[in-house]
Amino acid sequence: MSAALVCACSPSNAAAAGLSPKSTELVDHRCVGELAEDDLTLFANGTVRLRERVGERETMLLAELERSEIDGFVARLLEVDLSEAESLRSGITGEWISQCGLTLSLPDRPAVFFRYGRFDALPHALETVRVVLTEVETLARTRAVHGALPESYEPKPGDFVRRGDGELFEVIALTSDGKGVELNGINQPVTIYVALADFRSVFVSKENRSLLDLER
């Protein structure tokens, strides 16, 4: 039995549905197994969402690509002829082998969906797509961790900042002596205090408010 499911939908589905770029998914690639799960989602506005689960621990990173970067990745994906992948066959299977699903909803193309095992030998076309997505993930991870706090940044009430472990916090106020920062967790009901001198070693990035809808 074929391991690939190909679903052709009407072109420009997102536009027809009136979805905004920040909620329009161009690519969703997800691999799920007994021990781990990972998910890469590329949105039309350039946001990349990376979710990971290992055992009971879950993390998520959000990063934003420049317009030229997202256009470049989409152009490369549009060049791939996926017709050969329609005959994809089952490969390595087993209780501990992750199964992957890939949905491509590219501009002016019917949406397609493929399913395969993580260790399957893929047709050249799907392998090319996987190479492009690996580059997207690498750039997103670099951007999320190192694109980070501007050199001149000073925390202000109302700012949203991401801790090194991926947790998101809102800056509430500076302490009365001006040497510390009070923050509230967004996804965890916790208040923390961080010395201003240690702020950059604890928090890796300042997040845009527009990304919060994707994380909540």
Side-chain angles (χ1 to χ4, degrees), residues 7-31 38-52 59-85 100-114 122-154 156 158-164 166 168 200 203-216:
C7 172
C9 307
S10 60
S12 303
N13 296 314
L19 299 178
S20 69
K22 74 175 184 178
S23 59
T24 300
E25 297 181 3
L26 299 178
V27 178
D28 184 75
H29 184 257
R30 182 173 306 180
C31 292
D38 59 80
D39 179 18
L40 181 154
T41 307
L42 175 62
F43 294 87
N45 68 339
T47 298
V48 180
R49 181 179 64 201
L50 301 173
R51 288 174 171 165
E52 293 182 327
T59 60
M60 183 170 71
L61 289 177
L62 292 170
E64 290 186 281
L65 304 184
E66 300 292 340
R67 186 73 258 167
S68 59
E69 294 169 337
I70 182 68
D71 288 345
F73 285 126
V74 169
R76 290 170 61 188
L77 292 173
L78 287 171
E79 291 176 354
V80 180
D81 180 4
L82 291 170
S83 59
E84 64 176 284
C100 301
L102 169 65
T103 302
L104 296 175
S105 302
L106 302 176
D108 301 318
R109 292 282 182 88
V112 291
F113 172 72
F114 299 95
L122 299 180
H124 176 72
L126 278 183
E127 188 59 45
T128 300
V129 171
R130 191 154 64 176
V131 168
V132 173
L133 296 186
T134 297
E135 293 181 23
V136 171
E137 178 178 353
T138 299
L139 179 58
R141 289 187 182 280
T142 301
R143 189 69 47 77
V145 176
H146 301 295
L149 295 172
E151 292 184 6
S152 60
Y153 174 73
E154 295 183 1
K156 298 179 179 61
D159 286 352
F160 294 93
V161 291
R162 192 173 300 280
R163 200 166 60 185
L168 192 66
R200 289 178 177 278
F203 296 97
V204 298
S205 63
K206 178 178 180 294
E207 302 293 351
N208 293 332
R209 291 174 181 267
S210 60
L211 297 180
L212 294 183
D213 291 339
L214 297 177
E215 187 156 347
R216 286 176 170 171

About how many Å separate [atom2] of [Y] and [atom1] of [X], when rounded to the nearest 0.5 Å?
{"X": "Leu78", "Y": "Leu106", "atom1": "CG", "atom2": "CG", "value": "5.0 Å"}
{"X": "Leu50", "Y": "His29", "atom1": "CG", "atom2": "NE2", "value": "12.5 Å"}
{"X": "Leu61", "Y": "Arg162", "atom1": "CG", "atom2": "CZ", "value": "6.5 Å"}
{"X": "Asp39", "Y": "Glu52", "atom1": "CG", "atom2": "CD", "value": "10.0 Å"}
{"X": "Glu64", "Y": "Ile70", "atom1": "CD", "atom2": "CD1", "value": "11.0 Å"}
{"X": "Arg76", "Y": "Thr128", "atom1": "CZ", "atom2": "OG1", "value": "9.0 Å"}

*Which residue, Thr41, Leu40, Leu104, forms the side chain to side chain contact (heavy atoms under 4.5 Å, CB included) with Asp28?*
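Exactly one candidate clears the test, Thr41.
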
*side chain to side chain contact (heavy atoms under 4.5 Å, CB included), paired with Val129, selected from Leu122, Val80, Val27*: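 With Val129 as partner, side chain to side chain contact (heavy atoms under 4.5 Å, CB included) holds for just one option, Val80.
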
_Could you go through Phe73 and Val48, starting from their C-alpha distance and side-chain angles, then the distance that decides it, and tell me whether this counts as side chain to side chain contact (heavy atoms under 4.5 Å, CB included)?_
CA-CA 12 Å; Phe73 285 126; Val48 180; over 6 Å; no

*Start with the C-alpha gap between Lys156 and Lys206, add the side-chain angles, then the distance that decides, and say whether side chain to side chain contact (heavy atoms under 4.5 Å, CB included) holds.*
CA-CA 11 Å; Lys156 298 179 179 61; Lys206 178 178 180 294; over 6 Å; no

Atom of [X], atom of [Y] and distance for their closest heavy-atom approach:
{"X": "Glu25", "Y": "Phe43", "result": "CG-CE2, 3.6 Å"}
{"X": "Glu66", "Y": "Glu69", "result": "N-OE1, 2.7 Å"}
{"X": "Ala140", "Y": "Ala63", "result": "O-CB, 3.3 Å"}

*Check whether any side-chain heavy atom of Leu42 sits under 4.5 Å from a side-chain heavy atom of Leu133, and report yes or no.*
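Side-chain contact under 4.5 Å: no.
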
